[in-house]
2 protein chains.
Amino acid sequence: MPGPYRWRKRVEGHFCRWTMPREAILDLLTRTSQHLTAKEIYASLLQLYPGIGLTTVYRTLDLLEKSGLIKKFNFGRGENRYEFASENKPHHHHLICTKCGQIIDYSDFANEELELVKKTAKHLAEKYKFIVHDHNIEFYGLCQQCQKRQ
Amino acid sequence: MPGPYRWRKRVEGHFCRWTMPREAILDLLTRTSQHLTAKEIYASLLQLYPGIGLTTVYRTLDLLEKSGLIKKFNFGRGENRYEFASENKPHHHHLICTKCGQIIDYSDFANEELELVKKTAKHLAEKYKFIVHDHNIEFYGLCQQCQKRQ
DNA sequence: TTATTAATGAAAATGGTTTTCATTATCATA
DNA sequence: TATGATAATGAAAACCATTTTCATTAATAA
């Protein structure tokens, strides 16, 4: 684990207390490009932080999500997956292979997409009086490898 | 339950045998505009078909989904929800209230959206050698009622 | 009508996630 | 820099949607 409490300042106001497990979980998510499950995070941290509990991982992920620092996704495979959400990180969506579960981030046509999304959100706000906070776009199909071994 | 086996013809080729539970489940999904869970379907059918088992509901939903007659959604609330998928039914997506879970179907800007989706799918096929079979767009936010009682 | 075997339903198992509760550790205050 | 209030933790149990098992039932081809 890196120097303790590197994230404390970035996180101020969101939490009563900043602790080692919280630091470790957030730090791991900022360092990976993968979309990890709670169990994967737990397994990964267990090496550096033998005392950590899976319960704490779930609780911390919940808190981090509620404070907007990470995003939670369910790609229809039974478990939730998490990724770090930064203002700096480019807006992106996901390609999901329905065979092997591989997830690819893409951000192509982000401008056109954002334009349509904004327009739609505005329209929906008027038509349904629905306030849009977030949106999600995903494509399902087969990745290159799974096409071959089909 | 309506006349038995009304759906048999529409379903030919997808199943070895067409049975009462299958008829009842598919029929229910074609008659509702809601996005039902397995348990909701089970509870609803129990009145008309007292012998039915929840296991059969799950198994049938699985088969119906695999044969493309229904679609499965996970709106991040722990259970899957199902809706009838017909060629006649207009292409639509969902607004999900993050507070009460209400789901609204919308199909505004369907043409523009489909255009962008097609273009993106084609681009992704080239760039990532990924074959797109399906896509999903959803907006998360607050419905009118939940804005008031916020 | 019968035989084959797919489909069913009850009960048990599974697996991701949440809750409970006694213990530990953070941090504001002295 | 102690200290005390209480937030956070971890282990175990509970929860809950879904899947599996297996003996029984029922659909369909012959």
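To find a chain, count down the sequence lines: A is the first, B the second, and so on, and within it residues start at 1. As a basis for the values below, the full set of heavy atoms in this structure was taken, side chains included, without hydrogen atoms, waters or symmetry mates.
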Strictly under 4.0 angstrom, non-hydrogen atoms only: write out the protein contact profile of nucleotides 17-30 of chain D, one letter per nucleotide from the 5' end, B, S or -.
SBBBB----BBS--
For A:Lys118, does the NZ atom sit with more than 12 other heavy atoms under 6.0 Å from it, leaving out its own atoms?
no
Quick check on B:Glu115: does its CD atom have over 12 non-hydrogen neighbours (other residues, nucleotides or ligands) under 6.0 Å away?
no
Of all heavy-atom pairs between B:Arg22 and B:Phe15, which one has the smallest distance, and what is that distance?
NH1-CD2, 3.7 Å
Closest approach of A:Tyr49 to A:Pro21 (non-hydrogen atoms, all atoms of both residues)
OH-CD, 3.3 Å
Parallel, tilted or perpendicular: which one describes the rings of A:His91 and A:His135, with boundaries at 30° and 60°?
tilted
Aromatic plane relationship, B:Tyr106 with B:His93 - under 30° parallel, 30 to 60° tilted, over 60° perpendicular:
tilted
Assign each of B:Arg22 and B:Tyr42 the nucleotide of DNA chain C bearing its closest heavy atom; nearer the 5' end lies the nucleotide of B:Arg22
What integer distance in Å separates [X]:[atom1] from [N]:[atom2]?
{"X": "A:Glu12", "N": "C:dT26", "atom1": "CD", "atom2": "P", "value": "17 Å"}
{"X": "B:Leu45", "N": "C:dG9", "atom1": "CG", "atom2": "P", "value": "11 Å"}
{"X": "A:His14", "N": "D:dA8", "atom1": "NE2", "atom2": "P", "value": "14 Å"}
{"X": "B:Asn74", "N": "D:dC16", "atom1": "CG", "atom2": "C1'", "value": "14 Å"}
{"X": "B:Leu61", "N": "C:dG9", "atom1": "CG", "atom2": "P", "value": "13 Å"}

Of all pairs that satisfy salt bridge (Lys or Arg N to Asp or Glu O under 4.0 Å), the ones with a partner from residues 48-69 of chain A, not counting sequence neighbours
A:Asp62-A:Lys66
B:Ile52, nearest nucleotide to its side chain (from D:dG10, C:dG9, C:dT8):
C:dG9
Decide whether A:His94 and A:Glu138 meet the rule of one side-chain donor and one side-chain acceptor closer than 3.5 Å.
no
Five-pair end axes of the helix from C:dT1-D:dA30 to C:dA30-D:dT1 and the angle they enclose, rounded to 10°:
40°
